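Step one of this worksheet: look at the structure below.
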Amino acid sequence: MLDEEQKKELISKYYVEKKVSEREISLPPLPKAEKGKVVMRFAPNPNGPPTLGSARGIVINGEYCNTYDGKYILRFDDTDPKTKRPMLEAYEWYIEDVEWLGYKPDEVIYASKRIPIYYDYAKKLIEIGKAYACFCKREEFKNYRDNGIPCPHRDTEVEDNLEVWEKMLEGRYSEGEVVLRIKTEMSHRDPAVRDWVAFRLIYTPHPLVGDSYFLYPTLDFESAIEDRLCKTTHILRGKDLRDSELRQRYIYEYFNWEYPVTIHWGRVNIVEFGKLSTSLIKREIEAGKFEGWDDPRLPTVRALRRRGIEAEAIRKFFIALGLSESEVNVSMKNLFAENRKIVDAKANRFFFVANPVEIEIEGLPEEKLVEIPKNQNTKEKRILKGEKVVYITKEDFEKFKGEVVRLKDFCNLILDKKAKFLGFELTGAKKGKNIIHWLPKSSALRCKVIGERSCEGLVEKGVEEDLGKVVQFERFAFCKIEKANGEIVAILTHD
RNA sequence: GCUCCGGUGGUGUAGCCCGGUCAAACAUCCAGGCCUUUCGAGCCUGUGCCCCGGGUUCAAAUCCCGGCCGGAGCACCA
């Protein structure tokens, strides 16, 4: 008897604990992480501005750094001036967006400015016989690799390799003629890791360091060395770099270094954008399909900011996604839902009438000033003049023509171009969803909404005071007021 | 083809390591209801899930084997 009761007691206790822990959505503990000793990095190639995809890396690494009082490094892996050419402006954009998202990098590193450091390590590897110069053509090498056969250059003497290396540094070879490879095992079960390329010649000037260098490390090499130099303790990145770890571990083994803890998350596919890569966006901007990198229809961080998405929403969105290794299809609706929670509480309400239709209220006994709630936090009100000639949306006009509708907070009428006034009282008009928004003719500003759902119409006077803020256009959507000199320009944030 | 990873309601996540109050939780979406703080908002209600087949076990979402499906890597890209 007593046992049973004790059991029940324990169970109820257990339940409570479970619910509490589930209520707060947070990241799982980081393996082997010690408070104050964590060093993490976010390492993009700035070949465009940060996108929603980059934001995941920024947020996850940043969040862990915050919880463990860690060091947060922003490192530009910009070692290919040709194929993945960095964009000069994008360096600044990354710093800006990382900060906007709420993280302050403790250090910013530019790989392209530290190339000689990588040369030193390359030389050491050659000296211990773990790297060699390879003159194979790509196809030739691929053939050797796929069949697990060492290429003819693999067993070149150290001295000869060093000599070639010196000549590479002097630029005595042409692009594609020779590369430096890291020795792994030609019989490695995964062909992807077999004797990978660590350095190659690229004579295209670099956007940041010009023609200071022409012998560039590959990402795998640069990143391996940098993570060691920065004392990185945890590497958190996308699954696409999974093999990178396998390759880099060889270097760590040769130098007898300890490899950081790594976690790889799965690919994120935003259903609304599909396969919108940075390079594709670039092409479409050039083709005039988008205005620029901050076009509100784009999934770049700057575009989201411009359209009124808050950093907090982006943070919560990615924290909720977590570290799952499965590839996911998420909708922007999830991000919008987070944003809505934040913005809904503070956004001022206004009437925006899209595609206005002018109607005249026949039999209106008097003009009337009506008070309408403006803000749920401050309990502020706005005042509209209920007058004879008003605007309503074309959509409502067509839907309710001939029927009884109520102009919100104003009056009831039978809707038509010449509408028949019925009364001011709310009662008697409340049949289903026939309460619509409206605007007095005497005080309506022209307003253009741009973004996903662009349209033109009229808006209440008073919105101009909310320049730069997100407001809610009632029965329409949340919008950010971008311009307010003359015609109002609002960007659609989300529903 | 080779290598690796994954598969929990429509979508995403938690649970899986250490089998048992898990006829499975949270969020979003969808449907319906309420509301002149409107709505595509908010509040309330509802539909809906452990990929399949075997095995181990008193007991499997959880462990094992096989299959199926999805993804990533296999670049002198990052």
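If you're wondering where the values come from, they're calculated on a predicted model, not measured in any experiment. Just so we're on the same page: letters track the sequence lines, and every chain starts at 1.
Remark: P of B:rA27 and CG of A:L335 are 18 Å apart, rounded to the nearest angstrom. Put simply, CG on A:D396 is 13 Å from C1' on B:rG40, counting in whole angstrom units. Nucleotide B:rA41 holds its P atom 11 Å from the NZ atom of A:K333, rounded to whole Å. If you measure from atom CZ of A:R340 to atom P of B:rC29, you get 6 Å, rounded to the nearest angstrom.
Base pairing annotation: B:rC4 forms a Watson-Crick or G-U wobble pair with B:rG71, both donor-acceptor distances under 3.5 Å. Nucleotide B:rU57 has no partner under the Watson-Crick or G-U criteria, as no pair reaches both atom distances under 3.5 Å. The nucleotide B:rG40 finds no pairing partner, because no Watson-Crick or G-U wobble arrangement with both distances shorter than 3.5 Å includes it. Judged by Watson-Crick or G-U wobble contacts below 3.5 Å, the nucleotide B:rC35 has no partner. In this structure B:rA27 sits in a base pair with B:rU11, meeting the Watson-Crick or G-U test at under 3.5 Å. Nucleotide B:rG19 forms a pair with no other nucleotide shown, judged by Watson-Crick or G-U wobble geometry with both contacts under 3.5 Å.
For A:E325, counting side-chain heavy atoms from C-beta on, the closest listed nucleotide (B:rC5, B:rA78, B:rU13) is B:rC5. Out of B:rU38, B:rU28, B:rG12, the shortest distance to the side chain of A:N334 is found at B:rU28. Here B:rA78 is the nucleotide among B:rG42, B:rG7, B:rA78 with the atom lying nearest to any side-chain atom of A:D77. Taking the side chain of A:K341 as heavy atoms from C-beta on, and the options B:rU37, B:rC74, B:rU28, the nearest nucleotide is B:rU28. Each of B:rA72, B:rC76, B:rC74 was ranked by its minimum atom distance to the side chain of A:R181; first place goes to B:rC76. Residue A:T218 places its side chain closer to B:rC77 than to any other of B:rG73, B:rG42, B:rC77. Checked against B:rU36, B:rC77, B:rU28, the side chain of A:R406 finds its nearest nucleotide in B:rU36.
The base of B:rU38 lies outside donor-acceptor range of the side chain of A:R475, with no N or O pair under 3.5 Å. Counting distance only, with no hydrogens placed and no angle test, the side-chain atoms of A:E175 and the base atoms of B:rC76 include no donor-acceptor pair under 3.5 Å. With hydrogens and angles ignored, no donor-acceptor pair under 3.5 angstrom links the side chain of A:R189 to the base of B:rU3. Between the base of B:rU28 and the side chain of A:E338 there is no donor-acceptor pair shorter than 3.5 Å.
A cation-pi contact, defined as under 6.0 Å to the ring centre and within 45° of the axis, is absent between A:R307 and A:F478. With A:F42 as the aromatic partner, A:R56 does not meet the cation-pi criteria of under 6.0 angstrom to the ring centre and within 45 degrees of the ring axis. For A:K113 and A:Y110, the positive end sits near the middle of the six-membered ring, less than 6.0 Å away and at most 45° from its axis.
At a threshold of 4.0 angstrom between heavy atoms, the contacts of A:N45 are confined to the sugar-phosphate backbone, with no base atom among them. Within the nucleic acid shown, A:L219 comes within 4.0 Å of at least one base atom, counting heavy atoms only. Heavy atoms of A:T79 sit under 4.0 angstrom from primed sugar atoms or phosphate atoms, though from no base atom.
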